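Since the structure comes first, as structure tokens, the remarks are kept for the end.
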Amino acid sequence: MALQRTRSWFLLLVLTLLGLGLVQPSSGQDRMYQRFLRQHVAPQDTGGDDRYCNVMMQRRKMTAPQCKRFNTFIHEDIWNIRGICSTANIQCKNGNMNCHEGVVKVTDCRETGGSRAPNCRYRARASTRRVVIACEGNPEVPVHFDR
């Protein structure tokens, strides 16, 4: 029930932002931003346990056609996450200079290794830690979770 409510709030937030014209990235960039939101943003959740990871990875469509090995859910509202994009640029793992870092509440979900799609199984680890995200556009929006 709580996860369904969270999903509804998340979709409402995204639609509101797009409707207000606050996010006007290019179509390729928009796809990347929407993918980032789907894979990494869970503002109303607290996460933290294996069940959370198992449910969310499946709901967010990261268990087919194969199990995504690792994913991080950020438990902050989108404005806090977008605020990271306004920090100083740092180098991304791929060498680009469009990454930014900030400290946020997260749940890291790591595939156990013995599961098979679509019934993937995950181990959860909740923490508050430094993350690095890539941002693009004007205004800049997060498009990739780097580390």
Side-chain angles (χ1 to χ4, degrees), residues 2-3 6-18 20-113 115 117-118 120-147:
L3 288 175
T6 298
R7 188 175 186 195
S8 297
W9 279 105
F10 175 75
L11 290 173
L12 179 63
L13 174 64
V14 170
L15 292 173
T16 301
L17 291 173
L18 291 172
L20 291 173
L22 298 175
V23 177
Q24 298 177 352
S26 68
S27 96
Q29 195 175 345
D30 184 49
R31 280 191 304 275
M32 292 172 66
Y33 177 60
Q34 295 303 319
R35 183 177 183 204
F36 179 89
L37 293 174
R38 177 178 57 84
Q39 289 188 347
H40 301 293
V41 180
Q44 304 299 322
D45 298 343
T46 56
D49 64 12
D50 295 350
R51 183 179 182 288
Y52 173 83
C53 284
N54 293 333
V55 168
M56 289 299 287
M57 293 296 286
Q58 189 166 25
R59 278 193 182 158
R60 300 286 180 98
K61 306 200 182 314
M62 292 181 275
T63 59
Q66 62 189 25
C67 303
K68 185 175 181 183
R69 293 181 65 200
F70 185 82
N71 191 68
T72 300
F73 290 102
I74 304 172
H75 306 300
E76 303 282 347
D77 70 51
I78 190 59
W79 295 110
N80 289 346
I81 298 167
R82 284 184 61 176
I84 295 171
C85 293
S86 65
T87 64
N89 289 44
I90 62 171
Q91 190 171 22
C92 303
K93 287 190 293 188
N94 67 5
N96 290 350
M97 288 299 295
N98 65 322
C99 277
H100 307 267
E101 64 183 343
V103 175
V104 292
K105 292 176 282 192
V106 300
T107 298
D108 293 315
C109 300
R110 184 175 305 278
E111 199 260 329
T112 61
S115 60
C120 307
R121 294 292 167 246
Y122 294 88
R123 294 272 185 259
R125 181 169 178 259
S127 64
T128 298
R129 68 173 177 87
R130 180 182 72 90
V131 298
V132 177
I133 59 174
C135 302
E136 294 181 0
N138 187 14
E140 284 191 315
V141 295
V143 294
H144 174 71
F145 189 94
D146 199 59
R147 56 187 180 267

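Below, all heavy atoms of this structure are taken into account, side chains as well, without hydrogens, waters or symmetry copies. As the structure is a computational prediction, the values presented were derived from the model and not from experiment.
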Walk me through whether R38 and R35 qualify under side chain to side chain contact (heavy atoms under 4.5 Å, CB included). CA-CA 5 Å; R38 177 178 57 84; R35 183 177 183 204; 3.9 Å; yes
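- For the atom pair CZ of R51 and OH of Y122, the computed distance is 16.0 Å after rounding to the nearest 0.5 Å.
- Annotation for G48 and A126: closest pair CA-CB, 3.5 Å, computed over non-hydrogen atoms.
- Between the CG atom of N54 and the CZ atom of R123 there is a distance of 9.0 Å, given to the nearest 0.5 Å.
- Residues I84 and P142 have side chains not in contact (no heavy-atom distance under 4.5 Å, counting atoms from C-beta outward).
- The sulfur atoms (SG) of C135 and C99 lie 2.5 Å or more from each other.
- Put simply, the side chain of M62 reaches to within 4.5 Å of the side chain of Q39, judged on heavy atoms.
- Using a 4.5 Å heavy-atom threshold, the side chains of D45 and M56 count as touching.
- Nearest heavy-atom pair, C85 versus V141, reported as atom, atom and distance to 0.1 Å: SG-C, 3.8 Å.
- For the side-chain contact (heavy atoms from CB on, under 4.5 Å) with V104, the lone residue among T128, I74, N80 that qualifies is I74.
- Looking at heavy atoms from C-beta onward, H100 lies in side-chain contact with N89 at the 4.5 angstrom threshold.
- K68 has its side chain out of reach of E111: every pair of non-hydrogen atoms, C-beta onward, lies at least 4.5 Å apart.
- You'll find the side chain of F73 reaches within 4.5 Å of the side chain of M57, heavy atoms only.
- Taking the side chain as every heavy atom from C-beta outward, V143 and F36 never approach each other to under 4.5 Å.
- Once rounded to the nearest 0.5 Å, the distance linking CD of E140 with CZ of R82 reads 10.0 Å.
- Summarising the geometry of A117 relative to P65, their closest heavy-atom pair is CB-O, 3.4 Å, with the distance given to 0.1 Å.
- Side-chain contact between R60 and H40 is absent, with no heavy atoms from C-beta onward closer than 4.5 Å.
- Here the rule is side-chain contact (heavy atoms from CB on, under 4.5 Å) with F145, and of V132, V106, I133 only I133 fits it.
- Nearest approach of T72 to R129, heavy atoms of both residues: OG1-NH2, 3.3 Å.
- Note: N71 CG to R69 CZ = 13.5 Å, rounded to the nearest 0.5 Å.
- For the pair T63 and C120, the tightest heavy-atom approach, listed with the atom from each and the gap, is CB-SG, 3.5 Å.
- Although no hydrogens or angles enter the test, the distance criterion places a donor-acceptor pair under 3.5 Å between the side chain of D146 and the main chain of K93.
- Separation of atoms NE2 (H75) and CD1 (I81) is listed at 10.0 Å; rounding is to 0.5 Å.
- Summarising the geometry, atom CZ belonging to R147 is positioned 7.5 Å from atom CD belonging to E101; distances are rounded to the nearest 0.5 Å.
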